[in-house]
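Reading through the structure tokens given below for one structure.
Since this is a predicted model, take the numbers as computed values, not measurements. Sequence lines set the chain letters: A, B, ... in the order given, protein chains first and strands last, and positions in each chain run from 1.
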Number of protein chains: 2
Amino acid sequence: MTERDAVRLEQQLCFALYSASRAMTTCYRPLLEDLGLTYPQYLVMLALLEREPVTVKDLGATLRLDSGTLSPLLKRMAAAGLLTRSRSAVDERSVVVSLTEAGEALRGRIAEVPAGVLAALGSSLEQIVALQADVTAFLARMERAVGE
Amino acid sequence: MTERDAVRLEQQLCFALYSASRAMTTCYRPLLEDLGLTYPQYLVMLALLEREPVTVKDLGATLRLDSGTLSPLLKRMAAAGLLTRSRSAVDERSVVVSLTEAGEALRGRIAEVPAGVLAALGSSLEQIVALQADVTAFLARMERAVGE
DNA sequence: CTCAATTTGGTTGCGCACAACTCAATCGAG
DNA sequence: CTCGATTGAGTTGTGCGCAACCAAATTGAG
């Protein structure tokens with residue numbers, strides 16, 4: 001592989017992920033708009049619907065986001081009435097995030113989102129499952145390499 | 001596939017792309033910092049080093065970014081002395097972007113970036129090439145589905 | 001017990017992304 | 001040619017991401 005190819009090739013992997021990620025959120029946007037959620041807020045809802053209550057630290061580890069991103073995001077979601085934040089009694093450093101009734105009430109509508117997105121992706125379920133596995137494996141190798 | 005799986009599965013494809021894309025830019029960041037570039041600015045440099053001069057419209061089509069993103073980004077790069085912007089004589093609506101000598105002079109150092117990133121990815125070149133092809137194909141299917 | 005180091009979450013500042021809008025230039029139907 | 005529609009950039013406002021920094025709570029070596 002020549003150096004010229006390397007520039008184009010390497011660009012294409014990072015650029016492919018960058019473009020695909022943004023195109024993906026564009027697919028979600030109209031569906032999430034009906035729920036009053038942004039895409040990162042949707043991810044927070046998925047995390048909370050699966051496990052709750054949870055600390056900001058754990059949420060950050062799950063979503064790979066730091067407090068600089070999560071703090072204002074959670075504040076907006078709390079202002080929207082979807083969740084509550086409270087200091088842990090056990091460890092006053094920790095903030096525990098819980099869904100409100102209004103947040104929990106979105107479960108059904110959130111469960112309908114993936115089917116709506118699938119139609120807009122233009123790929124088969126098999127292709128999506130396979131790609132997800134490949135990207136997830138790649139991400140795991142990257143995180144392991146960085147961790148060393 | 002149950003609806004419960006669908007939520008988790010679908011989440012995982014979009015979330016995998018979202019996480020992998022961000023982890024990827026994290027790999028680039030320290031290398032690009034030495035060049036005084038952000039990751040989107042690096043993509044602009046790659047596009048310009050491959051074809052130049054180019055209009056803002058064409059640059060946006062290449063990078064899938066609109067003027068709301070590109071205008072201030074290009075303004076910052078112009079302020080950094082990397083490129084110039086000028087109205088086209090043929091069509092006064094268009095703005096033509098060209099590299100300055102300082103911008104062109106970065107070609108060599110930019111060409112060294114991919115090799116540096118490769119080391120931090122933890123994946124083989126074969127894995128990266130294969131994943132790039134899969135993600136690019138997925139992106140193409142998505143754009144085709146949206147275009148219909 | 002004590003106090004320095006660590007952990008947790010928050011704030012600030014900057015640079016994207018993107019929607020919504022404005023304006024000037026160009027196009028094109030009639 | 002004319003004028004309404006379209007196109008290409010730019011501006012504004014909002015919401016991420018993330019680095020850098022801060023304060024408070026906790027931990028742990030001595």
Sugar-phosphate only, base, or nothing, as touched by A:Ser67 at under 4.0 Å among non-hydrogen atoms: base
Sugar-phosphate only, base, or nothing, as touched by B:Val44 at under 4.0 Å among non-hydrogen atoms: nothing
Is any side-chain N or O of [X] closer than 4.0 Å to OP1 or OP2 of [N]?
| X | N | answer |
| --- | --- | --- |
| A:Lys75 | C:dT11 | yes |
| A:Arg76 | D:dC16 | yes |
| B:Ser94 | D:dT7 | no |
| B:Arg85 | D:dG10 | yes |
| A:Arg64 | D:dG17 | no |
| B:Tyr39 | D:dG17 | no |

[N] [atom2] sits how many Å from [X] [atom1], rounded?
| X | N | atom1 | atom2 | value |
| --- | --- | --- | --- | --- |
| B:Lys57 | C:dA25 | NZ | C1' | 14 Å |
| B:Leu37 | C:dC16 | CG | C1' | 14 Å |
| A:Asp58 | C:dG9 | CG | C1' | 13 Å |
| B:Leu17 | D:dG17 | CG | C1' | 17 Å |
| B:Leu65 | C:dA19 | CG | P | 12 Å |
| B:Leu63 | C:dG15 | CG | C1' | 16 Å |
| A:Arg87 | D:dA23 | CZ | P | 15 Å |
| B:Arg29 | C:dG15 | CZ | P | 13 Å |

Modelled atom types, side-chain donor and acceptor of B:Arg64 and A:Ser19, under 3.5 Å: no
DNA chain D: 5'-proximal contact among B:Asp91 and B:Gly68 (nearest heavy atom): B:Asp91
Let's see if you can work this out: which of [options] has an atom nearest to the side-chain heavy atoms of [X]?
| X | options | value |
| --- | --- | --- |
| B:Tyr18 | D:dT11, C:dT11, D:dG17 | D:dG17 |
| A:Ser71 | D:dG17, C:dG9, C:dG15 | C:dG9 |
| B:Arg93 | D:dC18, D:dA24, D:dT7 | D:dT7 |
| A:Arg22 | C:dT11, C:dC18, D:dA25 | C:dC18 |
| B:Val56 | D:dG10, D:dA25, C:dA17 | D:dG10 |

Note, A:Met45 side chain near A:Leu35 side chain (heavy atom, < 4.5 Å): no
Along DNA chain C (nearest heavy atom to each residue), the more 5'-positioned of A:Thr69 and B:Leu73: A:Thr69
A:Thr26 vs A:Thr55, nearer the 5' end of DNA chain C by closest nucleotide: A:Thr55
Backbone N or O of [Y] within a donor-acceptor pair of the [X] side chain at under 3.5 Å?
| X | Y | value |
| --- | --- | --- |
| B:Thr100 | B:Leu82 | yes |
| A:Gln41 | A:Thr38 | yes |
| A:Arg87 | A:Glu92 | yes |

same_hphob_cluster(A:Tyr39, A:Leu59) at 4.5 Å side-chain heavy-atom cutoff: yes
